[in-house]
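Right, one structure below, let's go through it.
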Amino acid sequence: MLFHVRMRVHLPHDLDPAVAEDLKSREKARAHELQRAGTWRHLWRVAGCYANISIFDVDSHEQLHDILSGLPLFPYLDIDVTPLARHPSALPDT
Ligand SMILES: O=C(O)CC1=CCC(=O)O1
């Protein structure tokens, strides 16, 4: 199951810089792990925003929820999820 996920990051301005760097470092490591597993299929920066647009490939809504809610930055994310279905005019493997 494919999902389009938009994440906006809102780190508090008074967050200790060391804590912010640790969160970003752990988020990056987790993102790499999920990309290598084929679960986090695309990760794009939204130009001009501290936000990303991602495509996740998971087995269930529950798996997606577990992944998103387990992200180190989760407490600071606004997340919008859109389920994706194949478009009838899409060429195979696009
Ligand atoms: O910077 C972001 O958009 C949040 C994020 C997702 C994966 C990562 O490494 O940072």
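Order of listing sets the numbers, starting from 1, for every ligand and every atom in it. All of these numbers come straight from a predicted model, not from anything done at the bench.
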* Can you tell which of Asp80, Asn52, Asp78 makes a side-chain hydrogen bond (donor to acceptor under 3.5 Å, both in side chains) with Arg8? -> Asp80

* Does the pair Arg30/Glu33 count as a salt bridge with the N-to-O cut at 4.0 Å? -> yes

* From Arg8, Arg30, Arg45 - option closest to atom 2 (C) of ligand 1 by heavy atom -> Arg45

* Asked: Should you measure from each heavy atom of Trp40, which atoms of ligand 1 turn up under 4.0 Å away?
  -> 6 (C), 7 (C)

* To do: Please identify which atoms of ligand 1 are closer than 4.0 Å to at least one heavy atom of Ala31.
  => 7 (C)

* Please state which protein non-hydrogen atom is closest to atom 8 (C) of ligand 1 and give its distance, to 0.1 Å? -> Glu27 CG, 3.5 Å

* Structure fact -> Only residue of Ile67, Leu23, Ile79 satisfying side-chain contact (heavy atoms from CB on, under 4.5 Å) with Phe74 is Ile79

* Below 4.0 angstrom from a heavy atom of Lys28, which ligand 1 atoms are there? Numbered from 1 as shown, please. => 9 (O)

* **Winner among Val5, Asn52, Ile53 once heavy atoms are compared against atom 4 (C) of ligand 1** => Asn52

* Name the one of Leu64, Asp59, Val58 that satisfies side-chain contact (heavy atoms from CB on, under 4.5 Å) with Thr39? -> Val58

* Taking heavy atoms and a distance under 4.0 Å, where does Tyr76 meet ligand 1: side chain, backbone, both or neither? -> neither

* To do: Determine whether more than 12 heavy atoms belonging to other residues, nucleotides or ligands lie under 6.0 Å from atom NE2 of His10.
  => yes

* Backbone N/O of Ala31 and side chain of Gln35: donor-acceptor pair under 3.5 Å -> yes

